[in-house]
Amino acid sequence: MTKTAINDYGCSVVGIEDGFDGLVRNQMRNLEYFDVSGILTMGGTILGSSNRADPFAFAEENGQAEIIKTDRSDDAVVSFHNAELDALVCIGGDGTMSIADRLMDKGIGIIGVPKTIDNDIFGTDVTFGFDTAVQIVSEAIDRLHTTAQSHHRVMVLETMGRYAGWLALCGGIAAGGDIILIPEIPYDLESVIQFVKKRSRRGKRFSIIVVAEGVKLPTGDYEIKHRDESSHDPIRLGGIGVWLARQIESICGISSRATILGHLQRGGTPTAYDRVLATRFGCEAMKLAAQASFGVMVGLVGQQIKTTPI
Ligand code: F6P
């Protein structure tokens with residue numbers, strides 16, 4: 001986006017550090033062409049990121065190890081105007097888009113760009129980052145296959161994705177998972193057990209199960225790894241894979257192991273698909289900024305770049 005802004009529109013670009021955190025604290029820096037040259041092949045972000053900072057409930061320690069949340073959205077607006085910005089391009093997931101929506105009500109011209117490994121944003125078929133994470137899940141399953149086969153085990157792989165099952169579904173299909181459990185489709189533990197036993201009876205002495213972290217226990221509760229109270233959504237999911245492996249081992253009597261893939265899914269070099277998608281989104285976001293077409297998020301619908309009201 002920065003290259004398009006400078007080359008095609010003669011605009012200046014300011015990068016805000018650590019997302020909304022930097023907007024509230026007024027931490028920004030000018031981005032020149034050579035600041036962004038060569039970064040397409042890199043994962044992550046040169047500006048830093050935060051999935052916790054919410055200007056409307058800004059979490060800070062009060063000196064007594066307590067987290068206090070205050071509305072600092074006016075500080076965000078002041079930073080925006082002091083930097084003489086015309087548009088704010090917000091890159092992120094559902095939390096980012098909901099905050100962006102509220103900042104628009106305070107008069108900031110916003111364009112959204114959907115970026116998350118969860119692929120759970122309305123208005124786009126795909127978010128960028130998703131394809132890279134699917135590749136990582138698929139490679140992890142390939143590796144689990146080897147050891148599952150050798151040791152005649154049930155291997156359970158737990159993926160991220162929060163409340164959405166896209167990562168588990170696409171990674172699982174790509175690598176030939178035998179059972180894939182996702183939050184969107186209720187499952188029955190008994191059917192899972194029966195399927196593992198059936199494979200075993202048919203001579204398949206191993207099974208690969210892919211489970212999304214957002215799959216619930218039979219009680220209807222989530223397995224929660226921990227809570228991050230300073231975050232917009234404090235729940236951090238994790239542990240359903242371990243629970244499932246224990247159930248299978250104790251009921252089927254087949255040695256079972258769980259792997260929680262965790263933050264490995266958010267690292268490394270982006271795939272070519274993600275690089276192209278991010279570039280297309282960035283160019284479109286800049287085009288919209290130049291037209292002052294605010295309040296929309298860019299997205300991919302079919303093969304076309306489309307916009308949706310935030
Ligand atoms: O939303 C992206 C995501 O990686 C989810 O898939 C995962 O549940 C969550 O973020 C993890 O958050 P954190 O990095 O704060 O542990």
Side-chain angles (χ1 to χ4, degrees), residues 43-44 49-54 59 67 92-96 115-121 127 129-145 147-148 153-175 177-189 192-193 196 207-251 255-268:
S49 182
S50 166
N51 65 0
R52 296 188 298 183
D54 176 354
I67 305 268
D94 51 358
T96 302
K115 180 240 24 138
T116 164
I117 63 163
D118 301 343
N119 199 31
D120 58 351
I121 310 290
T127 56
F130 174 65
D131 186 70
T132 303
V134 169
Q135 183 67 30
I136 295 167
V137 171
S138 161
E139 282 168 16
I141 299 170
D142 285 351
R143 289 170 196 276
L144 286 176
H145 253 116
T147 176
R153 278 181 170 149
V154 173
M155 288 295 191
V156 180
L157 180 76
E158 179 182 308
T159 68
M160 280 187 165
R162 233 181 261 264
Y163 308 107
W166 286 107
L167 261 181
L169 183 66
C170 295
I173 289 174
D178 303 303
I179 297 171
I180 302 170
L181 303 179
I182 60 173
E184 293 85 347
I185 302 177
Y187 73 101
D188 169 31
L189 180 61
V192 173
I193 300 285
V196 169
S207 290
I208 302 285
I209 303 182
V210 188
V211 57
E213 64 180 1
V215 166
K216 290 179 178 169
L217 294 162
T219 55
D221 299 315
Y222 289 114
E223 275 286 24
I224 295 173
K225 186 172 51 180
H226 69 266
R227 293 180 66 88
D228 182 348
E229 295 304 339
S230 61
S231 183
H232 191 62
D233 177 359
I235 290 175
R236 291 295 178 273
L237 298 165
I240 186 73
V242 175
W243 175 84
L244 195 59
R246 278 202 204 112
Q247 297 299 312
I248 293 169
E249 186 164 279
S250 66
I251 301 172
S255 172
S256 305
R257 296 286 187 271
T259 302
I260 301 180
L261 201 47
H263 289 82
L264 287 173
Q265 289 157 104
R266 293 217 314 235

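Note that the structure is a prediction, hence the values are computed from the model and not measured.
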Calculate, to the nearest 0.5 Å, the distance between atoms [atom1] and [atom2] belonging to [X] and [Y] respectively.
X: K216; Y: I240; atom1: NZ; atom2: CD1; result: 11.0 Å
X: R266; Y: D118; atom1: CZ; atom2: CG; result: 8.5 Å
X: I209; Y: L144; atom1: CD1; atom2: CG; result: 11.5 Å
X: L244; Y: E223; atom1: CG; atom2: CD; result: 10.5 Å
X: M160; Y: L261; atom1: CE; atom2: CG; result: 8.5 Å
X: E184; Y: L169; atom1: CD; atom2: CG; result: 8.0 Å

>> Suppose the criterion is side chain to side chain donor-acceptor pair (under 3.5 Å): which pairs have a residue in residues 234-251, not counting sequence neighbours?
In response: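 Output for this query lists S231-R236.
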>> Determine whether R52 and D228 satisfy the following criterion, salt bridge (Lys or Arg N to Asp or Glu O under 4.0 Å), listing intermediate values before the conclusion.
In response: CA-CA 9 Å; R52 296 188 298 183; D228 182 348; 3.7 Å; yes
Could I get the full list of side chain to side chain contact (heavy atoms under 4.5 Å, CB included) partners for [X], not counting sequence neighbours?
X: D178; result: F195, R199, F206, S207, I208
X: T132; result: I136, P270, T271, D274
X: I193; result: L189, K197, I248, I251, C252

> Is there a side-chain contact (heavy atoms from CB on, under 4.5 Å) between D94 and T116 once you walk through the steps?
Replying inline: CA-CA 9 Å; D94 51 358; T116 164; over 6 Å; no
Check [X] against [Y] and note the closest heavy-atom contact, atom names and distance.
X: A148; Y: M155; result: CB-CG, 3.5 Å
X: V210; Y: A168; result: CG1-O, 3.7 Å
X: G241; Y: V211; result: CA-CG1, 3.8 Å
X: A212; Y: P183; result: CB-CD, 3.7 Å
X: Y187; Y: V215; result: CE2-CG1, 3.4 Å
X: V134; Y: G171; result: CG1-N, 3.9 Å

>> Looking at T159, is its backbone amide N or carbonyl O close enough to the side chain of Q265 to form a donor-acceptor pair, meaning the two atoms are under 3.5 Å apart?
In response: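 Flag not set: sc Q265 to bb T159 has no pair under 3.5 Å.
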> So, does E158 use its side chain to make a donor-acceptor pair with the main chain of G239 at under 3.5 Å?
Replying inline: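 Yes, E158 side chain to G239 backbone: donor-acceptor pair under 3.5 Å.
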> Can you name the salt bridge (charged side-chain N to carboxylate O under 4.0 Å, His left out) partners of E229, sequence neighbours left out?
Replying inline: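 Expected list: R227.
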> What residues, two or more places apart in sequence or in another chain, satisfy ring-ring contact (aromatic ring centres under 6.0 Å, His included) together with Y222?
Replying inline: Y163
